[in-house]
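If you read the sequence from its start, that first residue is 1, and numbering goes on from there. Order of listing sets the numbers, starting from 1, for every ligand and every atom in it.
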Amino acid sequence: MAGVKLFIDGRAVEVPSGATLLEAVRAAGLALPALCHDDRLSTVASCRTCLVDVNGRGLAAACSTPAEDGLRIDVEASREVRRAALQAIVAGLPPRALDIPADRSELVRQCAEYGVAAPSGVVLPPERGVDHSHPYVKLDRDLCIACGRCVRACAEIQGTFALTLVGRGAGTVVAPGTGGPWAESDCVSCGACVDTCPTGALSEPGLLNLLPLERQTLTTCGYCGVGCSLEVSTRGNTIMTVKPAGDGSVNRGHACVKGRFAHGFLGSADRLTTPLIRRNGTLTPATWTEAVGFVAARLGSIRDGQPDGFALISSARATNEENYLAQKFARTVMGTNNVDNCSRLCHAPSAAGLAATFGLGGGTNPFDDLERCDAVLLVGANPTAAHPVVGSRIFQRVMDGARLVVVDPRRTSLARYADVHLRPRPGTNVAVFNGLAHVLVREGLVDTAFLDLHTTGYEELFGLLEDYPPERVAAISGVPADDLVQAALLYGQALAPAIFYGLGVTEHLHGTDGVRTLSNLALLRGAVGPGAGGGVNPLRGQNNVQGASDMGALPDLLPGYQKVLDPAARARCAGTWRVDVPPLPGLRIPQMFDAARAGSLQALWVIGEDVLTTDPDSTAVRAALEACPLVICNDLFLSATAAAADVVFPVAAWLEKDGTFVNFDRRFQRVRQAVEPPAGVRTDFAVLHAVAGRMGADLGCATPAEAMAECAAVAPLFGGISHPRLDREGPLHWPCGSADSAGTPRLYQERFATPDGLAHLAARNYLPPGEQCDAEFPFLLITGRRGEHYNSGSMTRRTGNLRLSADETVDIEPGDAAALGLNDGDPVRLGSRHGTAVLQARITDEVEPGQVFAGFHFPGASVNSLTSRVEDEVTGCPEYKLTAVRLSRS
Ligand code: FES
């Protein structure tokens with residue numbers, strides 16, 4: 001783009017065409033106040049604090065005036081005008097507006113810079129009061145300067161449109177668009193309004209009156225798999241505020257209610273701070289020496305007699321280094337491959353399906369490729385709730401002109417902005433994806449040159465697709481044939497389409513087939529790897545579920561996805577570990593429970609998972625835990641699983657430890673300790689070391705940095721990853737095979753990673769789901785996430801988020817509710833073939849007639865007592881997205 005040359009206080013500067021005078025002034029190394037401006041937002045130019053003199057002839061708002069060749073901007077000469085603008089703003093505020101610490105008020109900083117003080121003797125308008133109804137967003141109306149930044153941030157960054165300006169003239173003030181208190185508004189508590197507010201009119205609890213913050217720690221969020229960079233400010237050992245990091249981060253200065261605000265659980269009164277051992281049927285406090293000794297003695301005798309009598313469920317919440325150590329413990333100390341992680345319950349079909357199709361088990365493209373995509377196919381995912389920052393960025397992209405196809409049974413937030421919304425009956429994905437592929441072929445929207453060069457299997461696929469005309473797919477899925485065609489045309493005609501998908505694709509009896517047939521679309525279109533487009537990208541659930549699998553916390557795969565069955569891979573690990581690796585794959589999580597119920601599992605160690613709450617058919621899970629002679633649990637709180645364990649280790653949370661996570665687009669990022677854990681609490685890393693040591697084994701890797709270094713040595717995929725490098729250079733995408741590799745944000749640029757270098761199209765027929773409705777169980781239950789809570793809710797239920805969402809609810813379509821005589825908030829009894837649960841009715845047209853939706857964040861609600869043990873035939877991932885239930889008023 002051609003540049004523009006102009007002069008700022010006599011100094012020549014060049015800025016890109018389209019830049020504003022404000023950007024030109026900044027390019028000259030100068031600053032201007034800009035109280036109504038935020039670089040991320042549209043411009044309104046209402047505050048006049050950025051006025052500058054142009055060519056000696058007049059004043060212009062720098063934030064909104066385009067830079068032009070030859071302009072002469074006199075910043076210094078117009079200083080007094082800006083000072084007057086600031087003074088006029090301050091004159092309408094109470095004097096306390098300037099008492100706020102400067103690091104928390106842009107207005108205070110600018111007034112200090114310009115020598116503006118609170119005026120005396122001015123008659124202030126009547127006080128307008130505060131709205132402190134919300135747990136995280138506090139409004140002081142008297143500090144509002146009506147700049148509108150909060151309103152635009154809510155709309156343009158978050159995509160929620162919850163705020164507006166009300167009143168006239170000097171009385172103009174921000175307010176929820178719904179009227180009434182903030183807590184009852186559409187606000188989703190992302191904090192974007194607080195972060196952009198220049199005066200402190202919007203703030204978070206206690207922040208404006210604090211003593212100076214002492215320390216900032218840059219770390220990675222420990223909630224969902226987006227991997228937002230967060231800057232944690234502390235005073236002493238207390239977290240005062242958590243702000244989203246800006247440039248270079250996946251979140252680009254945005255966050256959600258969980259990462260931004262939900263850290264109060266760290267200081268919860270019921271935090272575990274001492275180990276527990278079950279004695280005479282009761283969990284009783286023990287010393288670390290006792291607990292470690294007890295576990296080591298029991299595991300030692302299992303190792304010496306029946307190593308495969310031990311199994312370990314590692315944690316998608318723990319760091320990579322802890323997961324690496326956990327799988328090393330299972331394999332080298334206990335001598336078994338019985339290690340798995342909760343990707344088994346969510347994205348195991350992604351790993352299997354993507355690896356079978358493309359060669360590697362991760363998403364194909366960096367999330368930033370969204371910016372170059374002109375169409376998004378969003379399938380089986382509600383990122384607005386489950387991955388809020390991703391949801392916001394997709395929303396922003398759509399507002400910028402990208403087309404959007406949503407495939408989801410529910411009317412999700414993003415579905416409201418979709419060009420086409422397909423609502424297939426749960427369990428019919430494969431038919432829908434084959435139907436879309438059929439239309440691509442029929443309409444000549446297939447990139448045949450790409451297929452010839454880079455794929456195999458298209459002849460077989462083309463033959464199968466003949467059986468999936470839109471009319472037949474409509475009969476199977478309920479998706480109107482015309483909508484299916486429209487969606488296929490939209491994806492097929494885009495220049496650079498991207499696919500994002502979630503658990504609505506994977507958590508099915510045929511979940512791996514779903515991933516493969518969805519991936520077919522990108523291959524047919526040539527929109528992945530060497531072709532243009534944004535590829536195929538799973539939205540991973542937990543913060544480090546990608547990393548837990550990357551580290552080899554899987555029964556059939558060693559670190560870096562090396563097969564247990566591969567002698568060379570076992571030898572590579574054994575060479576470093578100095579212990580032979582068991583040659584056969586171990587048990588998956590469901591098989592661990594089967595083995596426990598069958599009496600062949602002697603000990604199960606569960607690290608950081610509440611399997612009694614989150615795993616399907618919880619009645620059967622409880623039976624497994626009861627049957628297993630020794631259950632060990634690491635957790636922050638006495639979760640349902642911890643309460644059923646024989647030994648509980650109290651462990652540190654993500655804000656209290658050091659290491660790395662891998663996010664959903666394969667980005668290794670540093671996790672840094674912001675605060676010390678409570679006295680008596682240890683990291684999972686330390687607990688594994690302690691038990692191994694007591695068993696006479698040395699796991700090596702004394703520190704997380706050493707564990708990462710060792711992992712890099714045994715896993716070629718991560719050979720160039722290290723803590724020092726991440727500290728120095730920032731995030732790195734795997735594969736990153738050596739210290740001179742810059743990482744690989746975009747996979748398969750030259751060839752796919754399969755043995756033949758070709759992507760493998762999959763010809764898979766639609767097969768019916770495992771669960772079916774009948775007269776006794778006429779409704780389909782879909783389970784998923786609510787925006788305010790996270791997984792089993794053990795963290796978010798111990799924060800202000802509980803005020804935002806206090807109970808588990810079940811979404812029921814209005815017509816169904818009327819037929820059942822249900823009103824909003826009524827208790828509803830749900831019964832399935834596996835169990836029962838009582839939830840509050842939430843009546844909404846977000847669900848289709850005959851379908852209901854529930855979260856699973858409240859253990860007491862027992863939602864997973866309803867779900868079945870039907871699982872993906874390839875990977876064992878449960879069919880969470882489809883359970884036949886009946887409903888009745890409780
Ligand atoms: Fe330019 Fe407000 S920042 S007018």
Side-chain angles (χ1 to χ4, degrees), residues 4 6 8-9 13 15-16 18-68 71-93 97-98 100 102 104-116 141-157 163-174 192-202 246 253:
V4 171
L6 67 169
I8 308 294
D9 281 355
V13 297
V15 291
T20 62
L21 294 184
L22 178 61
E23 289 166 304
V25 169
R26 289 172 178 168
L30 301 175
L32 292 172
L35 290 185
C36 70
H37 181 81
D38 181 321
D39 289 342
R40 302 168 297 170
L41 306 174
S42 59
T43 300
V44 295
S46 61
C47 75
R48 320 315 279 174
T49 59
C50 66
L51 291 174
V52 289
D53 183 88
V54 181
N55 285 4
R57 293 201 296 269
L59 297 170
C63 67
S64 61
T65 305
E68 291 175 18
L71 287 184
R72 295 184 171 276
I73 309 304
D74 199 335
V75 174
E76 191 53 37
S78 45
R79 182 179 174 84
E80 193 51 38
V81 179
R82 295 191 295 277
R83 203 186 89 81
L86 284 168
Q87 187 71 67
I89 290 170
V90 168
L93 299 176
L98 297 190
I100 296 169
R104 275 146 272 182
S105 168
E106 197 175 325
L107 175 71
V108 169
R109 290 195 295 279
Q110 294 300 341
C111 285
E113 168 70 24
Y114 279 78
V116 172
R141 296 185 185 88
D142 295 326
L143 298 186
C144 180
I145 61 170
C147 65
R149 278 165 63 165
C150 51
V151 177
R152 283 174 282 142
C154 185
E156 297 171 18
I157 296 176
L163 305 181
T164 188
L165 291 175
V166 297
R168 308 184 70 166
T172 307
V173 66
V174 64
C193 57
V194 172
D195 292 337
T196 196
C197 177
T199 66
L202 291 169

Between Arg149 and Leu41, is there a donor-acceptor pair closer than 3.5 Å when you use the side chain of the first and the backbone of the second? no
Would you say Arg109's side chain and Ala102's backbone share a donor-acceptor pair under 3.5 angstrom? yes
Which atoms from ligand 1 have a heavy atom of [X] less than 4.0 Å away?
X     : answer
Arg48 : 2 (Fe), 4 (S)
Cys47 : 2 (Fe), 3 (S), 4 (S)
Ser46 : 4 (S)

Taking C-beta and beyond as the side chain, do Asp38 and Arg152 meet within less than 4.5 Å on heavy atoms? no
For the residue pair Leu21 and Val54, establish whether any side-chain heavy-atom pair is separated by less than 4.5 Å. yes
I'd like to know: is atom 2 (Fe) of ligand 1 within the 2.8 Å range of an N/O/S atom from Cys63, strictly under that distance? no
Heavy-atom pairs closer than 4.0 Å: do any link ligand 1 to the side chain of Pro33, the backbone, both, or neither? neither
With a cut-off of 2.8 Å, does His37 put an N/O/S atom close enough to atom 1 (Fe) of ligand 1? no
Can you tell me which residue and heavy atom of the protein come closest to atom 3 (S) of ligand 1, and the distance to 0.1 Å? Ala34 CA, 3.3 Å
Assess, by modelled atom type and distance only, whether the side chains of Thr49 and Gln110 contain a donor and an acceptor separated by less than 3.5 Å. no
The single option from Val174, Ile157, Leu202 passing side-chain contact (heavy atoms from CB on, under 4.5 Å) against Cys193: Leu202
